[in-house]
Amino acid sequence: MNQSITLHSDVAQILLTEDEIATKVRELGARISSDYRDRPLTLVSVLKGSLPFMADLMRAIDIPVRIDLMEVSSYGGSSTESSGLVRILKDLSASIVGEDVLIVEDIIDTGLTLNYLIRYLRGKAPASLRICTLLDKPARRLVEIKLDYTGFTIPDQFVVGYGLDYGELYRNLRYVGVLRPEVYSGAPEG
Ligand code: IMP
């Protein structure tokens, strides 16, 4: 079986092209560079979905930045629904006490994961804590969260690509797309 044909043909619709994403990431990088011009910034990215966004965003920022990575998993939900119960699989490597911190997220859906993360990171006493997300899906929000930098606001559709997965696949797509409904039907949850 040809893997690349299966990969792309599972996508019903391309929501954001590679070019649209690249343009937006450059804009966000320029805004962040200007906002933090005289302040040392730490970018905290949340694996695994934010990996491509973080890699591109940090190179679109032209002030000195430190980076750190966390990995969280929500449990008790399904492969398309977050539960709000969050487990930290990988914590920060360095202290953020007194640092200006920007969380770099792939997508905010219900907001439950980010809400947990914000409370967790605030407990580590950063000087400031702001949020940058590539995608915002406000239709399903369960907790109110102030987003400081948003790439795209998208409709209530489950999307894959540019880091986002379904069942750990499709992260390597260079665009963001909507999967064909057949891909979900009959798929085991979890
Ligand atoms: P939340 O806690 O509901 O805001 O969900 C946050 C996490 O759920 C994201 O970091 C993603 O890992 C995952 N997620 C939410 N919506 C989507 C989607 O449309 N596609 C892929 N993953 C998603």
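Every number for a ligand or one of its atoms is a count from 1 in the order of the listing. Only this structure's heavy atoms are used, side chains among them; waters, hydrogens and symmetry mates stay out.
- Taking all atoms of both residues into account, the shortest heavy-atom contact from M54 to D68 is CE-O, 4.1 Å.
- At a heavy-atom distance under 4.0 Å, only backbone atoms of D165 (N, CA, C or O) approach ligand 1.
- Side-chain contact annotation: Y36 with D100, donor-acceptor N/O pair under 3.5 Å absent.
- The shell of residues lying under 4.0 angstrom from ligand 1, judged by heavy atoms, includes Q157.
- Within 6.0 Å of the CZ atom in R171, the count of heavy atoms belonging to other residues, nucleotides or ligands exceeds 12.
- Using a 4.5 Å cut-off between side-chain heavy atoms of Ile, Leu, Val, Met, Phe, Trp and Tyr, with links allowed through other members, V159 and Y170 fall into different hydrophobic clusters.
- Within the structure, the closest approach of D106 to ligand 1 falls below 4.0 Å when heavy atoms are considered.
- Counted by atom type alone, D35 and Y149 present one or more donor-acceptor pairs between their side chains at under 3.5 Å.
- Heavy-atom distances between K137 and ligand 1 reach below 4.0 Å in at least one pair.
- Nearest-heavy-atom check against atom 13 (C) of ligand 1 across L47, D109, I107, L179 picks out I107.
- Distances from ligand 1 to the non-hydrogen atoms of V160 include no value under 4.0 Å.
- Counting heavy-atom neighbours within 6.0 Å of E168 CD, excluding the residue itself, gives a total above 12.
- More than 12 heavy atoms of other residues, nucleotides or ligands lie within 6.0 Å of CZ in R141, so this atom counts as buried by the packing criterion.
- Close contacts of ligand 1 with L164, meaning ligand atoms under 4.0 Å from a residue heavy atom, involve 21 (C), 22 (N).
- Of the candidates V86, I108, L135, T113, T113 brings a heavy atom nearest to atom 6 (C) of ligand 1.
- At a 3.5 angstrom cut-off on N or O pairs, G111 counts as close to ligand 1.
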